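Model, not experiment: these values are computed from the prediction.
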Amino acid sequence: MKLEFDTKLVHGDLSFDEATGAISYPIYQSATFKHRGFKQSTGFDYSREDNPTRQKLENTIAVLEGAEAGFAFSTGMAAVANVLQLFSTGDHLIISNDLYGGSYRLFEELLHKQYRLEFTYVDTRSLEGIEAAIKENTKGIFIETPTNPMMRVSDIRKIAEISKSRGLLLIVDNTFLTPYFQKPLELGADIVLHSGTKFLGGHNDTLAGFVAVRAGEQLSERMKLIQKTVGGVLSPFDSWLLLRGIKTLGIRMERQQENAFKIAAWLKANNKIAEVYYPGLASHEGHGICKSQASGFGSMISFSVKDAEIIPQILEGVKVISFAESLGGVESLITYPLVQTHAAIPKAILDELGVNERLLRLSVGIEDVKDLIEDLDKAIGK
């Protein structure tokens with residue numbers, strides 16, 4: 001049965017708990033499962049390998065991303081770490097140079113120093129830059145689009161053409177737009193990543209990470225082996241919270257984006273703001289590409305103030321918006337990337353990107369936009 005996307009959000013793979021018919025899929029809070037007899041498994045043996053609640057969630061993610069299989073992890077970083085297990089010592093990957101600080105820390109402090117994976121950071125908006133970075137031992141390309149925090153947009157289709165022509169795996173972090181607005185696998189990517197903590201969960205109340213893989217090359221079999229061996233899987237209760245959160249993803253994303261458009265326009269007109277980074281603005285350099293590969297622009301905005309001295313005033317002055325890390329929840333959050341989400345990245349790289357003492361990142365929630373703008377107006381001042 002072919003379903004529209006909003007219906008898929010509510011019903012996932014259309015499966016249900018046949019034992020009870022429960023509308024809300026049950027939380028199977030069990031570490032292990034009883035066998036009916038010798039060599040008679042129910043299909044579930046041990047929850048690190050498979051759990052009915054997590055399986056329902058993983059099937060839902062696969063449906064939403066158009067993937068062969070989905071995998072749920074305890075955090076977004078656990079998802080990234082498990083995907084990088086696909087590579088071997090000496091392998092080289094090309095990475096978006098503007099990316100979440102936790103990913104950079106994983107790549108450099110653990111995977112490079114301890115396991116000798118090699119990474120080259122490039123501006124993946126430049127196809128020539130990607131081509132120039134490919135080496136004999138290059139095995140993959142890892143991109144965020146839009147990026148965190150500078151909201152740069154890379155062309156997934158064209159990067160996929162490069163990766164396919166060179167036999168590389170293309171991994172796309174789709175956290176900011178989610179499958180509601182963007183489906184990287186349909187654009188040619190091989191693997192999609194999410195911090196499920198963010199928009200998919202949507203309520204700032206649980207940590208989660210997801211991986212979705214396309215069909216072919218035994219990717220799903222390899223990821224399943226890694227998942228059950230390395231572990232770091234999502235718990236049954238958190239799986240249930242994500243199933244519940246996903247049901248309202250479409251409604252939330254639409255409201256958050258509607259608010260973001262209005263706030264971005266207001267910020268752009270404010271005389272204390274130097275730059276506004278939001279792909280939904282026609283003036284954004286990545287607006288056209290984002291529009292061509294996604295059905296929306298999301299609700300993440302970064303902006304630079306003209307005078308860094310007002311940063312503490314803004315962060316301490318907001319009342320409706322919370323000064324806190326994370327993003328994607330129903331509550332609006334404001335973050336100072338330089339000392340929070342991107343503190344692990346060397347200053348020279350941050351300076352090159354524009355992640356400086358004047359930059360703030362805003363995750364727009366579902367509150368009344370009038371209240372959000374008034375909150376910002378009072379905090380920024382005249």
Side-chain angles (χ1 to χ4, degrees), residues 65-66 80 83-84 86-87 91-100 103-104 107-108 112 117-179 181-194 212-214 216-217 219 275 277-298 300 302 342 345 348-355:
E65 285 285 8
V80 176
V83 165
L84 268 290
L86 290 167
F87 301 95
D91 285 350
H92 172 252
L93 286 88
I94 296 167
I95 311 289
S96 293
N97 62 353
D98 181 27
L99 80 163
Y100 171 54
S103 297
Y104 181 88
F107 298 157
E108 291 300 314
H112 175 60
L117 286 179
E118 298 177 16
F119 302 99
T120 299
Y121 300 90
V122 303
D123 184 346
T124 50
R125 293 175 299 180
S126 167
L127 301 178
E128 294 79 9
I130 294 172
E131 290 272 17
I134 295 174
K135 304 193 296 185
E136 187 176 333
N137 60 333
T138 303
K139 302 297 183 182
I141 303 173
F142 182 108
I143 68 172
E144 292 181 5
T145 185
T147 59
N148 181 6
M150 299 307 295
M151 307 304 296
R152 294 176 173 180
V153 178
S154 297
D155 192 321
I156 299 173
R157 285 190 187 91
K158 290 184 178 178
I159 296 174
E161 289 174 6
I162 294 173
S163 68
K164 281 181 172 50
S165 70
R166 300 298 192 100
L168 311 178
L169 283 178
L170 175 57
I171 304 161
V172 179
D173 186 325
N174 199 31
T175 297
F176 274 15
L177 292 186
T178 82
F181 283 140
Q182 181 171 266
K183 296 182 178 62
L185 297 182
E186 293 184 1
L187 299 168
D190 300 295
I191 299 172
V192 175
L193 286 165
H194 290 277
V213 302
R214 65 163 177 80
E217 296 183 21
L219 274 176
E275 296 286 346
Y277 307 98
Y278 178 59
L281 293 173
S283 58
H284 188 279
E285 54 86 21
H287 177 80
I289 294 174
C290 195
K291 189 174 182 179
S292 73
Q293 66 188 16
S295 60
F297 303 97
M300 295 301 301
S302 290
H342 290 68
I345 299 178
I349 297 176
L350 295 178
D351 288 344
E352 183 181 347
L353 294 171
V355 182

**Asked** So, does K139 use its side chain to make a donor-acceptor pair with the main chain of G167 at under 3.5 Å?
**Response** no
**Message:** Which heavy atom of H112 sits nearest to which heavy atom of E108, and what is that distance?
**Reply:** CB-O, 3.6 Å
**Request:** Could you walk me through whether F107 and F142 pass the ring-ring contact (aromatic ring centres under 6.0 Å, His included) test, one step at a time?
**Result:** CA-CA 11 Å; F107 298 157; F142 182 108; 5.4 Å; yes
**Request:** Report the C-alpha distance between H284 and F297 in whole Å, list the side-chain angles of each, state the deciding distance to 0.1 Å, and finish with yes or no for ring-ring contact (aromatic ring centres under 6.0 Å, His included).
**Result:** CA-CA 11 Å; H284 188 279; F297 303 97; 9.0 Å; no
**Request:** Take I143 and I156 through the side chain to side chain contact (heavy atoms under 4.5 Å, CB included) test and state the conclusion after the steps.
**Result:** CA-CA 9 Å; I143 68 172; I156 299 173; 4.2 Å; yes
**Asked** Can you check side-chain hydrogen bond (donor to acceptor under 3.5 Å, both in side chains) on D98 and S96, steps first, answer last?
**Response** CA-CA 5 Å; D98 181 27; S96 293; over 6 Å; no
**Request:** Look up atom CE in M151 and atom CD in E275, then write down how far apart they are to the nearest 0.5 Å.
**Result:** 14.5 Å
**Item:** From L170 atom CG to R157 atom CZ, the distance as rounded to the nearest 0.5 Å
**Value:** 13.0 Å
**Message:** Would the distance check show the side chain of K183 and the main-chain N or O of P179 forming a donor-acceptor pair, the cut-off being under 3.5 Å?
**Reply:** yes
**Message:** A side-chain contact here means heavy atoms from C-beta on lying under 4.5 Å apart; do L219 and D190 qualify?
**Reply:** yes
**Asked** Taking all atoms of both residues into account, what is the closest heavy-atom pair of V122 and G129, and its distance?
**Response** CG1-O, 4.2 Å
**Prompt:** Distance from L193 atom CG to L84 atom CG, nearest 0.5 Å?
**Reply:** 8.5 Å
**Asked** Where do L353 and D351 land on the side chain to side chain contact (heavy atoms under 4.5 Å, CB included) test, with the steps shown first?
**Response** CA-CA 5 Å; L353 294 171; D351 288 344; over 6 Å; no
**Residue E352 excluded, over 12 heavy atoms near CD under 6.0 Å** = no
**Nearest-0.5 Å distance, CG of residue L99 to CD1 of residue I345** = 5.5 Å
**Prompt:** Taking the inter-plane angle between the rings of Y104 and Y121 on a 0 to 90° scale, is it parallel (under 30°), tilted (30 to 60°) or perpendicular (over 60°)?
**Reply:** tilted
**Donor + acceptor pair across side chains of T124, S154 (<3.5 Å)** = yes
**Prompt:** Are the charged groups of D123 and R125 less than 4.0 angstrom apart, N to O?
**Reply:** yes
**Prompt:** Should the ring pair H342 and Y100 be called parallel, tilted or perpendicular, given that the plane angle runs from 0 to 90° and is split at 30 and 60?
**Reply:** perpendicular
**Request:** May I ask you to decide if G298's main-chain N or O and Y278's side chain share a donor-acceptor pair within less than 3.5 Å?
**Result:** yes
**Request:** Decide yes or no for Q293 and V153: does some side-chain heavy atom of the first lie under 4.5 Å from some side-chain heavy atom of the second?
**Result:** yes
**Asked** Is the shortest side-chain N to carboxylate O distance from R152 to E285 below 4.0 Å?
**Response** no
**Request:** Apply side chain to side chain contact (heavy atoms under 4.5 Å, CB included) to the pair I141 and I171, showing each step before the final yes or no.
**Result:** CA-CA 6 Å; I141 303 173; I171 304 161; over 6 Å; no
**Request:** Report the distance from atom CD1 of I159 to atom CG of L187, rounding to the nearest 0.5 Å.
**Result:** 11.0 Å
**Item:** Check: N148 and F176 side chains under 4.5 Å, non-hydrogen atoms
**Value:** yes
**Item:** E118 and D91, any side-chain heavy atoms less than 4.5 Å apart
**Value:** no
**Fill in**
In short, I289 meets S292 closest at the heavy-atom pair O-OG, 2.7 Å
**Request:** Grab the two heavy atoms, one from I94 and one from I130, that are nearest each other, plus how far apart they are.
**Result:** CD1-O, 3.6 Å
**Prompt:** Can you tell me how far the SG atom of C290 sits from the CZ atom of F181, to the nearest 0.5 Å?
**Reply:** 9.5 Å
**Request:** Would you check, one step at a time, whether the test side chain to side chain contact (heavy atoms under 4.5 Å, CB included) holds for T138 with L168?
**Result:** CA-CA 7 Å; T138 303; L168 311 178; 3.9 Å; yes
**Close side-chain approach of L127 to I162, heavy-atom, < 4.5 Å** = yes
**Asked** Side chains of I191 and L86: does their closest heavy-atom pair fall under 4.5 Å?
**Response** yes
**Asked** Have E65 and H194 got a donor and an acceptor in their side chains that come within less than 3.5 Å?
**Response** yes
**Complete:** H287 and P279 have their tightest heavy-atom pair at ND1-O, 2.8 Å
